[in-house]
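Quick caveat: nothing in here was measured; it's all calculated off a predicted structure. Note that ligands are numbered from 1 as they come in the structure, with each ligand's atoms numbered from 1 the same way.
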Amino acid sequence: ISETDEEYSSALLWIASMESTTVIWLVYVSIFITIVWTKIARGTTASTPTTKRSLPPPPMAAGAPLLGILPALVMKGPLQAIHDAYKTMGSVFTVRLLHLQVTFLVGPEVSSHFYHGLDSEMSQDEVSKFTIPTFGPGVAFDVDLATRREQIRFFGDAMKPAKLRTYAPLMAHEVEEYFTKWGQSGTVDLKHELEHLVTLVASRCLFGDEVRGKMFGEVATHLRELNDGMRLVTILFPHLPTPAHRRRDRARARLGEIFSGIVRSREAARRGGRSSYDDILQSLIDSRYKDGRATTETEVVGMLVSALFAGQHTSSSTATWTGARLLSPDNAAHLLAAVEEQERIMGRHGPDPGHMGYEALQEMDALHRCMKETLRLHPPALTLLRLARRGFVVRSKEGEEYEVPAGRTVASPLVIHNRLPGLYRDPDRFDPGRFGGPDKGASLAYTAFGGGRHACVGEAFAYMQIKAIWSHLLRNFEMEMVSPFPETDWNVVMPGPKGKVMVSYKRRRMAAAA
Ligand code: HEM
């Protein structure tokens with residue numbers, strides 16, 4: 001890095017000439033990310049074989065001398081800057097940020113290797129180590145790939161339809177109970193409410209009543225501190241002693257104590273023949289590695305924290321965006337369709353939340369399509385990253401062949417993928433009806449939950465949880481969004497709705513609903 005100090009100094013001088021503090025902050029962050037990616041790339045390139053064929057590298061998008069795409073990122077924002085590069089360059093192109101090069105693969109035609117390539121060739125490790133202080137020891141990127149794969153399988157087992165079936169009534173009861181605290185009418189910050197509720201629902205399914213009953217408030221606070229401790233600077237300096245990192249470390253330690261206590265009490269109950277739990281925690285405790293080894297207490301605790309972390313922000317921001325879309329005046333017809341669907345389904349299943357089981361949630365097609373369309377327009381994960389440990393050949397949609405060299409950071413920008421005009425007519429329009437035909441989620445055209453080798457294992461759970469919440473809201477409340485449609489907060493690792501999302505509500509009673 002030392003030989004490039006001059007470049008950074010020039011960049012910093014350029015930043016200093018600008019007025020907006022947000023812009024300055026953004027630029028600093030870009031530089032941090034550049035440095036860490038460069039370190040990673042340098043560490044890997046030397047020892048990695050490349051492909052045998054001699055093809056040109058992907059074309060380089062125009063950029064300013066020295067700074068590359070940085071000025072465009074600052075002036076237009078990351079989404080527009082990458083979108084413009086895509087418009088000019090086509091489906092495969094490289095962007096230079098200072099002296100770091102990132103190759104973007106845009107669209108399903110060029111994304112196969114990104115999603116289906118071997119982990120030994122398209123690696124997540126190098127770009128994900130910064131999550132270790134959050135998830136803790138013994139899990140995720142603190143363990144080798146084989147162990148991580150098995151742990152993801154344990155999650156997968158806990159998310160199978162037979163298990164999901166047992167979570168549905170838990171979700172319905174939790175949601176029902178939560179909204180009893182709303183009055184006959186009022187105004188709330190929907191974002192805040194749904195953040196809270198999603199944590200409650202997830203905790204109920206993960207730990208049954210143990211956490212909910214005893215220490216929900218404390219767990220929820222620590223989860224917020226974990227979220228808050230994953231800032232952009234964390235990517236470069238995960239252990240930098242900032243106040244947010246210190247809070248994260250304290251929160252992780254305390255969550256470890258709480259969850260360990262629960263795991264131990266389960267063990268004691270099992271020894272005493274009193275164990276009859278059927279939640280995700282029990283499923284993780286009972287999981288066995290292929291060699292027969294049982295999961296350790298440290299691993300179970302780490303998996304609990306990882307599950308809460310992976311699902312919490314993604315689901316709560318999706319629940320809020322879904323509401324913002326449905327409550328927009330432009331989308332009154334979609335709202336009406338979703339409300340009428342509730343009348344039909346609850347008419348068949350009965351108003352008692354105990355009847356709002358797995359089948360009823362599965363039948364909510366109109367609501368499902370609204371969520372899916374919301375996720376297309378507002379994917380919580382903007383861009384997925386890998387490091388190409390081996391070079392590979394890619395044929396662009398335009399018919400050119402390129403060799404992506406070993407050591408290159410490769411990006412799949414979901415937020416652009418999901419708005420490609422060739423795949424989605426009028427792509428910026430909220431149109432849940434577009435998913436009425438054959439399911440586009442089956443191909444790499446729809447990537448809100450990733451795809452291929454690392455597709456999200458919590459997708460079905462997330463749909464169920466958010467549908468349980470919106471089913472209840474649609475049946476029980478007339479709602480109106482009284483703040484403007486939210487902007488996206490691009491300044492965080494996982495962008496969500498910016499600021500408050502104020503909604504006024506009035507209780508209603510449907511013919512066949514409670
Ligand atoms: C709306 C909610 C959610 C969204 C949008 C979402 C999105 C994603 C995406 C895009 C990936 C792929 C990451 C990559 O390829 O680098 C992913 C992976 C993953 N997600 Fe989710 N997720 C959601 C909810 C959940 C929930 C509720 C859980 C668990 C309880 C979960 C657990 C996981 C796990 C374990 C992986 C890693 C899979 C692997 O590496 O093989 N997610 N998710």
Requested in this report: Over 60° means perpendicular and under 30° means parallel, so classify the ring planes of Phe449 and Tyr463, tilted if in between.
Outcome: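 Because their plane-to-plane angle lies in the 30° to 60° range, the rings of Tyr463 and Phe449 count as tilted.
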Query raised in the report: When the ring planes of Phe392 and His113 are compared, do they come out parallel, tilted or perpendicular, using 30° and 60° as the limits?
Result: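 Rings of Phe392 and His113: tilted, as their planes differ by 30° to 60°.
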Query raised in the report: Are Arg266 and Asp279 ion-paired here, with the side-chain N under 4.0 Å from a carboxylate O?
Result: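 Salt bridge: yes.
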Query - Salt-bridge present (Glu299, Arg293; N to O < 4.0 Å) - result: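 Arg293 and Glu299: salt-bridged.
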**Report entry** Exercise: identify the closest heavy-atom pair between Ser412 and Tyr115
**Finding:**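 Scanning both residues completely, I find the closest heavy atoms to be OG-OH, 2.7 Å.
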Query raised in the report: Does Ala455 approach ligand 1 within less than 4.0 angstrom via side chain, backbone, both or neither, non-hydrogen atoms only?
Result: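 Backbone only.
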Query raised in the report: Of the backbone atoms (N, CA, C, O) and the side-chain heavy atoms from C-beta on, which set of Ala448 has a member under 4.0 Å from an atom of ligand 1: side chain, backbone, both, or neither?
Result: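 Contact part for Ala448 vs ligand 1: backbone (N, CA, C, O).
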Report task. Just jot down the ring-ring contact (aromatic ring centres under 6.0 Å, His included) partners of His454, sequence neighbours excluded, or say none. Result ->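 Here no residue qualifies.
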Requested in this report: Kindly write out the residues that satisfy ring-ring contact (aromatic ring centres under 6.0 Å, His included) with Phe430, not counting sequence neighbours, or none if the list is empty.
Outcome: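 Scan of Phe430 (ring-ring contact (aromatic ring centres under 6.0 Å, His included), adjacent residues dropped) gives His334.
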Requested in this report: Find all atoms of ligand 1 within a distance of less than 4.0 Å from any non-hydrogen atom belonging to Pro380, and give their numbers and elements.
Outcome: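 Per the distance check, 5 (C).
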Query - Residue Ile152 vicinity, atoms of ligand 1 by number, heavy atom under 4.0 Å - result: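 Listed by number with element: 39 (C), 40 (O), 41 (O).
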Requested in this report: Mind listing the protein N/O/S atoms less than 2.8 Å away from atom 21 (Fe) of ligand 1? Waters don't count.
Outcome: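 Near atom 21 (Fe) of ligand 1, the protein supplies Cys456 SG.
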Query raised in the report: Of the protein's non-hydrogen atoms, which lies at the shortest distance from atom 1 (C) of ligand 1, and what is that distance?
Result: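 For atom 1 (C) of ligand 1, the nearest protein heavy atom is Thr318 OG1, 3.5 Å.
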Query raised in the report: How far is atom 13 (C) of ligand 1 from its nearest protein heavy atom, and which residue and atom is that?
Result: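 Minimum-distance protein heavy atom for atom 13 (C) of ligand 1 reads Leu384 CD2, 4.0 Å.
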Report task. Answer yes or no: does an N/O atom from His454 fall short of 3.5 Å to an N/O atom of ligand 1? Result ->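 His454 vs ligand 1: N/O contact under 3.5 Å present.
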Query - Sole residue of Leu384, Thr383, Leu375 in side chain to side chain contact (heavy atoms under 4.5 Å, CB included) with Leu414 - result: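 The residue from Leu384, Thr383, Leu375 that satisfies side chain to side chain contact (heavy atoms under 4.5 Å, CB included) with Leu414 turns out to be Leu384.
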Query raised in the report: Does the ring centre of Phe309 sit less than 6.0 Å away from the ring centre of Phe135?
Result: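 Aromatic pair counts; centres sit under 6.0 Å.
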Query raised in the report: Would you say Arg386 touches ligand 1, if touching means a heavy atom closer than 4.0 Å?
Result: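 Right, Arg386 reaches ligand 1.
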Requested in this report: Scan residues 284-304 for pairs that pass ring pair (Phe, Tyr, Trp, His ring centres under 6.0 Å), counting only residues two or more places apart or in two chains.
Outcome: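 Counting only pairs at least two positions apart or across chains, the ring pair (Phe, Tyr, Trp, His ring centres under 6.0 Å) contacts touching residues 284-304 are Phe154-Tyr289.
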Requested in this report: From the options Met159, Gln124, Gln465, select the one whose nearest heavy atom is closest to atom 30 (C) of ligand 1.
Outcome: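 Selected option, by shortest heavy-atom distance: Met159.
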